[in-house]
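Each chain gets a letter, A, B and so on, in the order its sequence line appears, and its residues count up from 1.
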Amino acid sequence: MIAPEKYQDLSPREAIAYQKELRALINLQELDKPIRYIAGADISFNKYEETVYAGIVILTYPDLIVIEEATAISSTTFPYLSGLLAFREIPALLEAFKKLKQLPDVMVLDGQGIAHERRLGIATHFGLLTDIPSIGSAKSRLHGLYEEPGSKPFDKTPLLSKQETLGFAFRSKAKCKPIFVSPGHKISLNQSVEIIKNCITKYRIPEPTRLAHLLVNRIRIEHKLKV
DNA sequence: GCGACAG
DNA sequence: ATCTTGTCGC
């Protein structure tokens, strides 16, 4: 295992080799425990700067009432490379995660779960490190082929890689582009979409990650003015 | 070599 | 991802 604090020092080829190792540990069994708390996690940053703002919001489920927020301001030198997003964002997310008083039963990350060339999207990677069930909810596709889902809310089509279903193109709202939902770790394909479905209220983006996104942008702006 | 490419 | 106001469509 590689300590997340050392991710910054990895070369892209070492990061890819690590993903191939972690792949063997993925568990896509049903989450049998009831869900009381769900979390959303996200990162924000200013272009050209190394500072990253991480945030996690905990909400009750299925009522979606916010009960806790944790943030961390950190810095990254690992560049954004398609397929290696986790190495750039996870260290800061873990810092925020450690500050939580109430651990969530499941976490939603902004990005892919197993809908990734090596099945190691950021949601899967984060789930493996924390041992918390996780789901990936991305605003665009990274890996896998799909047919455009129907136009009605909650219509969905499978995201396929060869014969394997990695997730779904999910129409969260009518007249909006679909989002891409895939299981991360310790949760099943169908449970992932079902849970995300229960987190859609008035917007295209599910509440956990939508609120986490608002949170990290808030702290980024305030930090930018203060310093 | 060409095209794809989460945030 | 972030930078940004108004504006077109339902």
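One side chain, Asn217(A) or Ser44(A), offers a donor N or O that lies under 3.5 Å from an acceptor on the other. In this structure, a donor-acceptor pair under 3.5 Å is present between the side chains of Ser188(A) and Glu30(A).
Take the nearest nucleotide of DNA chain C for Lys175(A) and for His213(A): the residue whose nucleotide is more 5' is His213(A).
We find that Glu148(A) and Arg171(A) are joined by a salt bridge, their nearest charged nitrogen and carboxylate oxygen being less than 4.0 Å apart. In summary, Glu164(A) and Arg119(A) engage in a salt bridge, as defined by a charged side-chain N under 4.0 Å from a carboxylate O.
Here Phe45(A) and Tyr53(A) keep their ring centres 6.0 angstrom or further from each other. The distance between the ring centers of Phe78(A) and Phe87(A) falls below 6.0 angstrom.
Taking 4.0 Å as the cutoff to heavy atoms of chain A, we find the contact window on DNA chain C bounded by dA1(C) to dC10(C).
At least one donor-acceptor pair under 3.5 Å links the side chain of Lys173(A) to the backbone N or O of Thr201(A). Although no hydrogens or angles enter the test, the distance criterion places a donor-acceptor pair under 3.5 Å between the side chain of Asp105(A) and the main chain of Arg36(A).
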Determine, for nucleotides 1-7 of chain B in 5'-to-3' order, which nucleotides have protein heavy atoms under 4.0 Å from the base (write B), from only the sugar-phosphate (write S), or from neither (write -).
-> ---SBBB
